A.B. asks: 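Before I ask anything, let me first share the structure, which is written out below as structure tokens.
Just so you know, these numbers come straight off a predicted model, no measurement behind them. Starting from 1, each residue takes its place in the sequence as its number.
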Amino acid sequence: IRIGFEVEYFPACFDAFLEFISHYPVEYLILGQHFSAIEKEPMVHFGSPIRSDELLKEYVDLAISGMETEKISYIAHPDMVFYTGNIEAYEREMTRLINCANEHKLPLEINLYGLQQIRNYPNFTFWQIAAEIGCDVILGDDAHKPENVGSLGDVEALIERVGINKDKIL
């Protein structure tokens, strides 16, 4: 059994968080950005529909800043942001996120829970971009209940449909 956490990246308190967990045998941190920066009011949950290009950019900026700490092992549901605005803005920002993950050699997770629950992620457009760029991919259960563990659902169909190279799946 390995010990790790799924974490938000909040710049104002990340160092304090790292200090807190330093007393435990933590082996990995998974970046799962769900919320906007805590310094801003009101906080935004990125899983709720947003049309704002500014909020989409904030999501990507936070994820990139988290990756740049060199403390992250992989990115959970990088496509969970529920952006309903301009497709060109989405493609531009997600390309930025995927390129940063590649630069830092961080895998991106296809979230099986999102697939199983038919959420807004996995996002087809995101994974098409990821397949074109050629990022490393990890499959994550994100099991919120024991009965969710190991449910691959239609992940193979998604992988085939978007063209992810199976050699890139870790």
Side-chain angles (χ1 to χ4, degrees), residues 1-41 43-48 57-82 93-94 96-117 119-123 126-127 129-131 133-156 158-159 164-170:
I1 296 175
R2 300 181 63 105
I3 299 174
F5 291 99
E6 180 176 343
V7 300
E8 301 281 332
Y9 178 71
F10 297 131
C13 57
F14 195 68
D15 288 339
F17 169 74
L18 292 175
E19 171 59 28
F20 175 75
I21 66 168
S22 71
H23 305 288
Y24 302 96
V26 176
E27 298 173 87
Y28 61 94
L29 296 178
I30 305 164
L31 178 63
Q33 199 68 41
H34 299 86
F35 296 97
S36 61
I38 58 174
E39 300 86 1
K40 293 173 67 175
E41 288 290 331
M43 276 183 86
V44 173
H45 183 269
F46 290 122
S48 300
K57 184 178 182 310
E58 181 178 352
Y59 171 80
V60 173
D61 287 345
L62 282 168
I64 286 174
S65 294
M67 288 185 253
E68 289 175 343
T69 67
E70 302 291 332
K71 302 293 184 186
I72 301 302
S73 302
Y74 73 87
I75 314 304
H77 45 62
D79 53 338
M80 69 122 357
V81 63
F82 195 176
E93 292 301 320
M94 293 301 108
R96 223 168 42 94
L97 186 150
I98 294 164
N99 282 332
C100 182
N102 265 356
E103 288 169 21
H104 291 277
K105 297 181 179 15
L106 295 173
L108 301 174
E109 175 203 66
I110 296 178
N111 189 278
L112 301 177
Y113 188 70
L115 188 63
Q116 181 186 66
Q117 297 295 310
R119 296 184 174 200
N120 60 291
Y121 59 92
N123 181 291
F126 178 92
W127 290 106
I129 297 167
I133 291 174
C135 66
D136 288 335
V137 175
I138 193 166
L139 304 179
D141 260 335
D142 199 5
H144 290 214
K145 300 176 188 171
E147 59 267 21
N148 297 133
V149 174
S151 175
L152 292 177
D154 294 329
V155 72
E156 289 183 29
L158 173 71
I159 289 167
I164 292 172
N165 180 340
K166 291 184 181 178
D167 292 336
K168 299 296 274 179
I169 300 173
L170 306 178

A.B. asks: Determine whether Leu29 and Ile21 make a side-chain contact, defined as any pair of heavy atoms from C-beta on separated by less than 4.5 Å.
C.D. replies: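 Counting from C-beta outward, Leu29 and Ile21 do come under 4.5 Å.
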A.B. asks: Looking only at heavy atoms, what is the nearest atom pair of Pro107 and Leu170, with distance?
C.D. replies: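 Shortest heavy-atom contact: CG-CD1, 3.4 Å.
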A.B. asks: Taking side chain as C-beta onward, heavy atoms only, is Arg96 less than 4.5 Å from Lys57?
C.D. replies: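 Arg96 vs Lys57: side chains touch.
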A.B. asks: Hey, what's the ring geometry for Tyr28 with Tyr74, parallel, tilted or perpendicular (30° and 60° as the breaks)?
C.D. replies: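 Because their plane-to-plane angle is under 30°, the rings of Tyr28 and Tyr74 count as parallel.
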A.B. asks: Evaluate the side-chain proximity of Ile159 to Val137: yes if any heavy-atom separation is below 4.5 Å, no if none is.
C.D. replies: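 The answer is no; the side chains never approach within 4.5 Å.
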A.B. asks: Indicate yes or no for a side-chain donor-acceptor contact from Asp136 to the backbone of Leu106 under 3.5 Å, with no hydrogens or angles considered.
C.D. replies: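 Flag not set: sc Asp136 to bb Leu106 has no pair under 3.5 Å.
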A.B. asks: Any side-chain heavy atom of Met67 sitting closer than 4.5 Å to one from Tyr9?
C.D. replies: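 When only atoms from C-beta onward are counted, Tyr9 and Met67 do not touch, as no gap falls below 4.5 Å.
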A.B. asks: Show your reasoning for whether side chain to side chain contact (heavy atoms under 4.5 Å, CB included) applies to Ile3 and Tyr24.
C.D. replies: CA-CA 9 Å; Ile3 299 174; Tyr24 302 96; over 6 Å; no
A.B. asks: Test side-chain hydrogen bond (donor to acceptor under 3.5 Å, both in side chains) on Glu70 and His104; report intermediate values, then the result.
C.D. replies: CA-CA 8 Å; Glu70 302 291 332; His104 291 277; 2.8 Å; yes
A.B. asks: If I compare all heavy atoms of Ala130 with all of Ile98, which pair ends up nearest, and what's the gap?
C.D. replies: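 Scanning both residues completely, I find the closest heavy atoms to be N-CD1, 3.7 Å.
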A.B. asks: For a quick test of reading the model, state the closest non-hydrogen atom pair linking Phe10 to Ser36 and the distance between them.
C.D. replies: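 Closest pair (atom of Phe10, atom of Ser36, distance): CE2-O, 3.3 Å.
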A.B. asks: Looking at Gly4 and Val26, what are the two nearest heavy atoms and their distance?
C.D. replies: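 In terms of heavy atoms, the two residues are closest at CA-CG1, 4.3 Å.
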A.B. asks: Quick check: do Met80 and Asn111 have side-chain heavy atoms less than 4.5 Å from each other?
C.D. replies: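 No; the side chains remain at least 4.5 Å from each other.
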A.B. asks: Can you name the residues that form a salt bridge (charged side-chain N to carboxylate O under 4.0 Å, His left out) with Lys166, not counting sequence neighbours?
C.D. replies: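 Salt bridge (charged side-chain N to carboxylate O under 4.0 Å, His left out) check on Lys166 returns Glu160.
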A.B. asks: Okay, side chain of Asn123, backbone of Asp79: is any donor-acceptor separation there less than 3.5 Å?
C.D. replies: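 Not confirmed, Asn123 side chain does not pair with Asp79 backbone.
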A.B. asks: Taking atom NE2 of His77 and atom CG of Leu115, what is their separation to the nearest 0.5 Å?
C.D. replies: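 Here the rounded value is 14.0 Å.
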A.B. asks: Could you tell me whether a side-chain N or O of Glu109 sits under 3.5 Å from a main-chain N or O of Ile75, the two making a donor and an acceptor?
C.D. replies: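 No, Glu109 side chain to Ile75 backbone: no donor-acceptor pair under 3.5 Å.
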A.B. asks: I'd like to know whether His34 forms a ring-ring contact (aromatic ring centres under 6.0 Å, His included) with Phe46, so could you lay out the CA-CA distance, the side-chain angles of the two residues, the decisive distance to 0.1 Å, and finally the verdict.
C.D. replies: CA-CA 5 Å; His34 299 86; Phe46 290 122; 9.4 Å; no
A.B. asks: Locate the shortest heavy-atom distance separating Leu62 from Pro11; write the atom from each residue and the value.
C.D. replies: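 Looking at all heavy atoms of both residues, the closest pair is CD2-CD, 3.9 Å.
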A.B. asks: Applying side-chain contact (heavy atoms from CB on, under 4.5 Å), name anything that partners Glu19, two or more places apart in sequence or on another chain.
C.D. replies: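 Counting only residues at least two positions away or on another chain, Glu19 forms a side-chain contact (heavy atoms from CB on, under 4.5 Å) with Ser22, His23.
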A.B. asks: For Glu8, which residues count as a salt bridge (charged side-chain N to carboxylate O under 4.0 Å, His left out) partner, sequence neighbours excluded?
C.D. replies: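 Expected list: none.
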A.B. asks: First locate atom CZ of Phe20, then atom CZ of Phe17, and finally report the distance between them rounded to the nearest 0.5 Å.
C.D. replies: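 Going from the CZ atom of Phe20 to the CZ atom of Phe17 covers 8.5 Å.
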A.B. asks: Hey, could you give me the CD1/OG1 distance between Ile64 and Thr69, rounded to the nearest 0.5 Å?
C.D. replies: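 Rounded to the nearest 0.5 Å, the CD1-OG1 separation comes out at 12.5 Å.
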A.B. asks: Distance check, rounded to the nearest 0.5 Å: Ser73 atom OG versus Glu27 atom CD?
C.D. replies: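 Rounded to the nearest 0.5 Å, the OG-CD separation comes out at 9.5 Å.
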A.B. asks: In sequence, state the C-alpha distance, the side-chain angles, and the governing distance for Tyr113 and Arg119, and then conclude on side chain to side chain contact (heavy atoms under 4.5 Å, CB included).
C.D. replies: CA-CA 8 Å; Tyr113 188 70; Arg119 296 184 174 200; 3.2 Å; yes
A.B. asks: Between Leu112 and Pro122, is there a side-chain heavy-atom distance shorter than 4.5 Å?
C.D. replies: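 They are not in side-chain contact.
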A.B. asks: Looking at Glu103 and Lys105, would you say the former's side chain and the latter's main chain have a donor-acceptor pair under 3.5 Å?
C.D. replies: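 It does not hold such a pair.
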A.B. asks: Do the side chain of Tyr59 and the main chain of Pro78 share a donor and acceptor less than 3.5 angstrom apart?
C.D. replies: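 At least one qualifying donor-acceptor pair exists.
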A.B. asks: Is there a side-chain contact between Val81 and Gln33 in this structure, where contact means two heavy atoms from C-beta onward sitting under 4.5 Å apart?
C.D. replies: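 Of all side-chain heavy-atom pairs linking Gln33 with Val81, none is under 4.5 Å.
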A.B. asks: Answer yes or no: is there a side-chain heavy-atom contact under 4.5 Å between Ile169 and Ile164?
C.D. replies: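 Yes, their side chains come closer than 4.5 Å.
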A.B. asks: Between Ala63 and Leu31, which heavy-atom pair has the shortest distance, and what is it?
C.D. replies: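 Looking at all heavy atoms of both residues, the shortest contact is O-CD2, 3.5 Å.
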A.B. asks: Can you tell me how far apart CD (Glu6) and CD1 (Ile72) are? Round to the nearest 0.5 Å.
C.D. replies: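 It comes to 10.5 Å.
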